[in-house]
*Asks:* 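Quick one: the structure is below, questions incoming.
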Amino acid sequence: MATKEYSFYPGCSSQKGASSSNYLISVNSMCEELDIKLNHIPDWNCCSASIGYASGGELPRMALSARNIALSEEHNPGQEIVATCAACWLATRETSERLSENSDLMAETNEALAMAGLKLKNETPIKHMVEVLIEDFGYDAIGAKVKKPLEGIKIAGYVGCQTNRPFGIEGESFENPKYLDKLVETLGAEPIDNYDKKVQCCGGALAFSEPEKSQAMIKDIIEAAYDGGAEMIVTPCPVCQMNVEVYQDQINAKYGTKFNMPVTYYSTLMSVAYGRSAKDSALDGQIIRATRLEEIAAK
Amino acid sequence: MSELNIAMVEKYRNSFLHEVEANVEEGDWVKMCMQCGVCSGSCPLGSHWEHSPQKLFMMIRAGKREEVLSSDSMWMCTSCYNCVVRCPREVPITHIMHGLASYAKRLGLVPKGQQTAKFAQHFWDNLVKKGRVNELKLGLNLYFMNGFAEGVKTSLKMKDIGLGMLKTKRMSPMEIFGGHKVKDLDGFQAMVKKAQEIETARIEKNMNA
């Protein structure tokens, strides 16, 4: 039996052929090493992320997340829900809290859910994978599995917005959360000091609709990492990862910068440090190759 | 002007605050704003807002209905939640911005060509169709959301990013043929439709009360 078992909400972007499919591959490797069993919520749906509100309104948006929680309660009873995507976690937890505070909304939500033959009890805690790692395992347990320390790599811990606000990680501040830095250290790498853009917004979904405004912010996030001497950026969020990695050429063309900064997930670092192959760590999912990690994985 | 908008003007004449409290998500928090301005200083896109959240809250109380609902401002919200965690009164500002945007859309008051509003509609339609987002179709829709010529230009600009995503298997051309979806699509769509009907009925009831 696995050390820990969770009801898993992977989210749209983690699916095969989607933008953070590499995240899921490295999460699976990381969980194998930590003996975590992830039981997928059967037939889960999109949470509508942080852009669905405009056309979705309040109740239809709540219904989306309520369906996932209800499915989890029915098929994976007694198991805490875990999401790897920041937006999935946020939407699901927000829905759960809003519905527990508002009985009218809860009744309306269940009326809608009945159309899909479901009923929400809303008794399930909803966690981000980072909470699982830090709160349920802890740095010592995470460090104990390290086989190949990521020695000599300087890493900027880019926490971003939605794994940090409004819920965040227990015991961390909103303005200067330190868990990613501690995690980087635990894996044997070196977190850069005073990364001032660690909680700066990357634009989120507005990277599509307001590209220039978002890219100006992304430029600052990458620049501050270079200023601190970082060789790569690590993040817990699929939107942060994508936005900070894929627009570097466009930013270079516009601002005359020469950015070529790999942006990985914490699970990428952990998979490599736990001795997994480049493939298991999804290093082939990096558009900007993380060559330092490739070297360690090949050793 | 949409019919619903005309009806709402009639119903809430002289009290836009009451209209917001009754019809906008988390709108009953607006009166709690103490005008400190922390939200305005905390917003990553603050310099691009015509009216900061603080100003929008004051404008709501001052009855500036048309200016608020047809504003571009709340469409600049990136959902970063900086304002929410810093507000001394714990006003759920992000949700009120979302609520104002959604209400403005319902009333047909969104500024013409508002890019985030267009994107949001594509996103919603995309997810409701299959229960899960089809990133390939969403991307293509986005490139072409401002017409064909603009779409070709955007596609060329985004070509290298697309190739990078394809090469790393983070995008799949196969998604064009259906793609990922929920199994109980009928139940899923019936649920969404029901939720929309309940919400619309609630707002129409407010209008006639």
Side-chain angles (χ1 to χ4, degrees), chain A residues 12-13 15-22 43-46 48-60 62-64 67 108-109 111-118 161-162 164-166 168 174 199-201 203-206 208-210 213-214 217 242 246-247 249-250 284-287, chain B residues 25 44-45 48 75-76 78-82 84-86 92 94-95 98-99 101-102 105-106 115-121 123-125 127 131-133 135-136 142 157 160-161 164-165 167-172 174-175 179-180 182-184 187-188 190-196 198-199 202:
Chain A
C12 300
S13 67
Q15 298 178 104
K16 193 164 184 267
S19 57
S20 72
S21 46
N22 53 331
D43 212 33
W44 56 266
N45 54 259
C46 174
S48 91
S50 34
I51 194 72
Y53 66 85
S55 302
E58 185 181 25
L59 186 61
M62 299 281 140
L64 294 179
R67 181 175 177 274
E108 289 177 345
T109 301
E111 203 184 326
L113 274 179
M115 302 301 289
L118 293 165
C161 296
Q162 294 192 347
N164 183 42
R165 299 180 298 259
F174 295 126
V199 296
Q200 162 72 47
C201 177
L206 272 67
F208 295 108
S209 52
E210 298 283 357
K213 297 180 181 77
S214 299
M217 297 193 287
M242 166 140 171
V246 307
Y247 297 112
D249 282 346
Q250 292 191 6
D284 54 357
Q286 298 294 130
I287 291 174
Chain B
E25 183 171 344
L45 288 185
H48 303 289
W75 296 98
M76 293 292 156
T78 63
S79 312
C80 81
Y81 291 79
N82 233 342
V84 173
V85 298
R86 288 182 183 170
T94 303
H95 297 296
H98 292 175
S102 175
K105 185 176 173 299
R106 185 181 284 276
Q115 296 293 294
T116 300
K118 277 195 193 182
F119 172 39
Q121 185 68 51
F123 190 94
W124 181 258
D125 293 345
L127 86 88
R132 295 183 186 177
V133 165
E135 289 182 349
L136 184 70
L142 289 184
K157 198 177 163 200
D160 290 343
I161 291 180
M165 298 296 280
K167 246 171 63 186
T168 53
K169 300 196 173 71
R170 289 163 61 184
M171 196 192 330
S172 164
M174 297 310 283
E175 286 285 296
H180 300 288
V182 297
K183 287 190 204 92
D184 181 24
F188 171 83
M191 173 196 79
V192 171
K193 189 162 167 267
K194 185 72 182 173
Q196 283 170 326
I198 297 171
E199 189 155 276
R202 199 199 308 139

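Proteins get letters first, then strands, A, B, ... in listed order; numbering begins at 1 in each.
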*Asks:* Can you check whether A:L206's main-chain N or O pairs, donor with acceptor, with B:Q115's side chain at less than 3.5 Å?
*Replies:* no

*Asks:* Report yes if the side chains of B:I161 and A:Q250 come closer than 4.5 Å at any heavy-atom pair, otherwise no.
*Replies:* yes

*Asks:* Looking only at atom types and distance, does a side-chain atom of A:R165 sit under 3.5 Å from a main-chain N or O of B:C80, one as donor and one as acceptor?
*Replies:* yes

*Asks:* What residues form a side chain to side chain donor-acceptor pair (under 3.5 Å) with B:T94, not counting sequence neighbours?
*Replies:* none

*Asks:* Does the plane of the ring in A:F208 sit parallel, tilted or perpendicular to the ring in B:F119? Use 30° and 60° as the thresholds.
*Replies:* tilted

*Asks:* Can any side-chain N or O of A:N45 pair as donor or acceptor with the backbone N or O of B:G131 at less than 3.5 Å?
*Replies:* no

*Asks:* Quick one: list whatever passes side chain to side chain contact (heavy atoms under 4.5 Å, CB included) with B:K194, sequence neighbours left out.
*Replies:* A:E111, A:A112, A:M115, B:E197, B:I198

*Asks:* Which answer fits B:N82, side chain, backbone, both or neither, if we ask what part of it has an atom under 4.5 Å from a heavy atom of chain A?
*Replies:* both

*Asks:* Answer yes or no: is there a donor N or O on one side and an acceptor on the other, between the side chain of B:E135 and the main chain of A:S19, under 3.5 Å?
*Replies:* yes

*Asks:* Looking at A:D249 and B:D160, would you say the former's side chain and the latter's main chain have a donor-acceptor pair under 3.5 Å?
*Replies:* no

*Asks:* Counting distance only, does the side-chain N/O of B:H180 pair as donor-acceptor with the main-chain N or O of A:K16 below 3.5 Å?
*Replies:* yes

*Asks:* Okay, side chain of A:E58, backbone of B:E25: is any donor-acceptor separation there less than 3.5 Å?
*Replies:* no

*Asks:* Any chance you could measure B:F188, atom CZ, to A:L118, atom CG, to the nearest 0.5 Å?
*Replies:* 12.0 Å

*Asks:* What is the minimum heavy-atom distance between B:M191 and A:A116, and which atoms define it?
*Replies:* CB-CB, 4.3 Å

*Asks:* Could you check whether any side-chain N or O of B:R170 sits under 3.5 Å from a backbone N or O of A:G285, counting only pairs where one atom can act as donor and the other as acceptor?
*Replies:* yes

